Each structure stands twice: as structure tokens, then as C-alpha cells.
Amino acid sequence: MSNVAEGDRRRRSSVAWQAKARSRALGAPFYKRPVLEVAEAMLGCVVRHGPTAGVIVETEAYHDSEAACHAHVGVTPRTHILFGPPGRAYVYRSYGIHALLNAVCEREGVGAAVLIRALEPLEGRAAMARRRGVAPEARRLASGPGNLTRALGISLRDNGAELTRPPLTIEPAPAPRRFRVATGPRIGITRAVELPLRFWIAGHPGVSR
DNA sequence: CATGGGATTGACT
DNA sequence: GTCAATCCCATGC
């Protein structure tokens with residue numbers, strides 16, 4: 001295949017996923033409600049970044065009223081995105097190594113977000129495996145909040161991105177929600193550890209351990 | 001300006 | 001079970 005033809009194929013493919021993502025993306029009203037409600041509603045939905053996508057199987061809710069939330073300290077250079085309009089991405093560096101992806105929720109002025117903790121790969125499995133440095137048939141390709149951003153190619157540059165339009169979007173669940181939602185305490189935090197703000201699809205193998 | 005902690009992960013005992 | 005890697009940013013002087 002010639003370079004020209006290859007480039008053309010790539011370009012058409014890129015336009016196709018952008019149009020698809022734009023038409024399917026959840027709008028700002030989805031995020032503009034109590035963060036607990038959104039955290040549960042996001043289970044089964046699809047995170048798409050370009051040609052890679054996965055089904056959300058685990059989330060956690062964070063709210064400025066509790067101490068584990070970055071927004072608890074008020075508006076700072078780091079947290080201003082959390083207090084901004086709903087439907088944007090809040091991406092921050094964790095432990096100096098990982099980028100963690102959140103969806104900003106509730107009305108402007110409230111610091112709240114849903115942390116996406118695990119995905120079941122849906123599209124672009126080969127690209128995810130390549131980015132992770134594992135075999136394409138590997139299990140748990142996008143499980144764990146640091147692993148899923150690596151698999152989807154999400155970085156700190158995506159902080160503040162609008163999730164309502166490509167290239168980074170969240171779409172409604174592609175299939176009927178035939179699963180049971182389980183809840184429990186959040187993982188890996190040192191403050192407000194007792195609050196049951198973690199949500200996951202009961203029994204799903206992609207949920208973090 | 002210096003310091004210390006952290007919404008993690010993978011390797012190792 | 002333990003531990004290190006590694007960097008953004010909140011805090012305090």
C-alpha cells in the first residue's frame with residue numbers, strides 16, 4: 001500500500017471516530033447532579049479516547065465536603081478545574097508516576113468529581129496493549145486508575161478537556177444495564193476512609209483488587 | 001524557596 | 001506482606 005493511500009485511510013478513519021464520538025457523547029447535564037448519582041450512573045458507560053474505548057466497571061465519588069477530595073482545600077491552581085463547570089476532565093499526577101482520570105460533576109462552584117478506576121476494553125485493544133507494554137490477549141488491560149489512562153493514552157495534557165466532545169468523551173451504556181451495583185469504601189486513601197463512595201459492577205473481573 | 005505527601009503499580013520477600 | 005519509583009503542588013517560612 002502506498003504512503004498516500006495509507007494516509008488517506010488513516011484520515012478517513014479518524015474523521016469517522018470523531019463524528020461517532022461527537023454524536024454519542026453524554027452532555028453536561030449528565031454530570032450536573034449529585035456526584036454519588038453520577039458515579040453510579042457511569043457504570044456501564046463507555047470512555048472513548050480516539051480509536052480506543054472501554055466500558056466503565058468501577059468508579060469513586062469525591063466531594064469538597066470530605067477530606068479525601070483534592071477540592072477540600074478550596075480553589076487552588078490544582079483544584080480550579082474541580083470547581084469549574086461539569087463535564088470536564090480532571091487529570092492529575094499520582095505518586096509522581098500515573099495520570100488519574102476524573103469527570104467533574106455538580107454545578108459550577110462545587111468541587112466534585114468521579115474517579116474512573118477500571119475499564120473493560122471495548123475497542124482498540126491492540127493499541128491499549130501496545131501502550132501498556134503487554135500482550136494483546138492479556139487480561140485486565142485497563143484495570144486500575146493508572147493503568148486505564150496509560151491504555152487509553154490519557155495524560156496531564158487532557159486536564160480540563162471537555163468530555164462532551166472528541167477526542168475524549170464518555171458515552172451512554174451500549175447495552176442494557178443488566179448488572180448489580182456494589183458499593184464500599186474507596187481504595188488507597190488516607191482520609192475519610194470509611195465513606196462508602198466506591199461503586200463497581202458486582203462480580204466483574206476487571207474491578208481492581 | 002524548601003519540604004513532604006499522595007485517589008498507584010509492579011517487583012520482590 | 002514490604003518497598004521504591006517519581007513529580008505536582010499545597011504549605012510554611
Side-chain angles (χ1 to χ4, degrees), chain A residues 31 34-43 45 47 49 54 56-84 86 88-106 110-121 128-161 163 168 170 181-201 204-209:
Chain A
Y31 304 96
V35 67
L36 289 204
E37 207 177 303
V38 183
E40 176 165 355
M42 279 174 62
L43 294 176
C45 293
V47 179
H49 188 221
I56 299 171
V57 301
E58 182 185 1
T59 60
E60 285 178 358
Y62 288 84
H63 188 276
D64 60 32
S65 61
E66 43 90 10
C69 182
H70 291 169
H72 191 60
V73 299
V75 180
T76 67
R78 179 194 215 187
T79 65
H80 79 276
I81 296 288
L82 285 168
F83 287 95
R88 289 187 180 164
Y90 169 58
V91 184
Y92 73 97
R93 170 124 6 251
S94 171
Y95 290 94
I97 301 170
H98 310 285
L100 269 54
L101 172 65
N102 298 253
V104 174
C105 295
E106 309 220 3
V110 176
V114 173
L115 170 69
I116 302 172
R117 288 192 58 91
L119 304 177
E120 175 186 327
M128 292 190 205
R130 208 177 315 120
R131 293 188 183 118
R132 288 284 321 281
V134 300
E137 58 273 12
R139 296 212 261 220
R140 306 171 57 81
L141 262 184
S143 291
N147 286 335
L148 79 87
T149 54
R150 178 167 289 270
L152 293 207
I154 293 165
S155 72
L156 294 202
R157 294 205 305 279
D158 297 301
N159 190 31
L163 296 171
L168 178 57
I170 301 181
V181 175
T183 67
R186 294 170 294 184
I187 290 181
I189 56 174
T190 57
R191 291 173 290 192
V193 293
E194 71 289 351
L195 300 178
L197 300 182
R198 176 169 169 252
F199 301 83
W200 67 95
I201 293 179
H204 195 287
V207 173
S208 55
R209 323 190 296 154

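Being a predicted model, the structure only gives us computed values, none of them experimental. Convention: sequence-line order gives letters A, B, ...; per-chain numbering from 1.
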Subject >> Dot-bracket line, read 5' to 3' along DNA chain B, where crossing pairs take [ ] and | marks a partner on another strand, Watson-Crick or G-U under 3.5 Å >> reply: ||||||.|||||.
**OP:** Nearest whole angstrom, please: distance from the C1' of B/dT9 to the CG of A/Leu100.
**Re:** 11 Å
Original post:
Once you round it to whole Å, what is the distance between P of B/dA7 and CG of A/Asp64?
Top reply: 16 Å
Original post:
Please give, in whole Å, the distance from B/dT8 P to A/Arg209 CZ?
Top reply: 14 Å
Original post:
What pairs with A/Arg198 under salt bridge (charged side-chain N to carboxylate O under 4.0 Å, His left out), at least two apart in sequence or on another chain?
Top reply: A/Glu58
Subject >> Atom pair distance, as rounded to whole Å: CG in A/Leu82 and C1' in C/dC9 >> reply: 13 Å
Original post:
A/His80 side chain to A/Pro77 main-chain N or O, any donor-acceptor pair under 3.5 Å?
Top reply: yes
Original post:
What is the distance, rounded to the nearest whole Å, between atom CZ of A/Arg132 and atom P of B/dT8?
Top reply: 15 Å
Original post:
Short question: side chain of A/Thr149, backbone of A/Ala99 - any donor-acceptor pair under 3.5 Å?
Top reply: yes
Original post:
Rounding to a whole Å, what distance do you find between A/Ile116:CD1 and B/dT8:P?
Top reply: 14 Å
List, with names and distances, any nitrogen or oxygen atoms from the protein found under 3.5 Å away from nitrogen or oxygen atoms belonging to nucleotides 3-6 of chain C.
{"residue": "C/dT6", "atom": "O3'", "partner": "A/Gly96", "partner atom": "O", "Å": "3.3"}
{"residue": "C/dT6", "atom": "O2", "partner": "A/Tyr95", "partner atom": "O", "Å": "2.3"}

Original post:
Would you find a donor on one side and an acceptor on the other, under 3.5 Å apart, between the side chain of A/Thr79 and the backbone of A/His70?
Top reply: no
**OP:** Applying side chain to side chain contact (heavy atoms under 4.5 Å, CB included), name anything that partners A/Glu106, two or more places apart in sequence or on another chain.
**Re:** A/Pro34, A/Val35, A/His63, A/Val110, A/Ala112
**OP:** Determine yes or no for a side-chain-to-main-chain donor-acceptor pair under 3.5 angstrom, with A/Ser208 supplying the side chain and A/Gly144 the backbone.
**Re:** no
Original post:
Donor-acceptor pair, A/His204 side chain versus A/Val57 backbone, under 3.5 Å?
Top reply: no
Original post:
For A/Ile187 and B/dG6, what is the distance between atoms CD1 and P respectively, to the nearest whole Å?
Top reply: 17 Å
Subject >> Enclosure of A/Arg150 CZ (heavy-atom neighbours >12, cutoff 6.0 Å) >> reply: no
**OP:** Check whether any side-chain N or O of A/Arg117 sits under 3.5 Å from a backbone N or O of A/Phe199 as a donor-acceptor pair, and report yes or no.
**Re:** no
Subject >> Minimum side-chain heavy-atom gap A/Ile170-A/Ile116 below 4.5 Å >> reply: yes
Check the interface with nucleotides 10-13 of chain C: list each N/O to N/O pair with the protein under 3.5 Å, or write none.
{"residue": "C/dA10", "atom": "OP1", "partner": "A/Thr76", "partner atom": "OG1", "Å": "2.7"}
{"residue": "C/dA10", "atom": "OP1", "partner": "A/Arg78", "partner atom": "N", "Å": "3.0"}

**OP:** Could you check which residues of residues 144-155 of chain A get a heavy atom under 4.0 Å from DNA chain C? Sort them by number, please.
**Re:** none
Original post:
Just how far, in rounded Å, is C1' of B/dA7 from NE2 of A/His63?
Top reply: 17 Å
Original post:
Counting distance only, does the side-chain N/O of A/Arg131 pair as donor-acceptor with the main-chain N or O of A/Ala151 below 3.5 Å?
Top reply: yes
Original post:
Okay, side chain of A/Arg186, backbone of A/Ala61: is any donor-acceptor separation there less than 3.5 Å?
Top reply: yes
**OP:** Could you point out which residue of A/Asn102, A/Val114, A/Ile187 forms a side-chain contact (heavy atoms from CB on, under 4.5 Å) with A/Glu60?
**Re:** A/Ile187
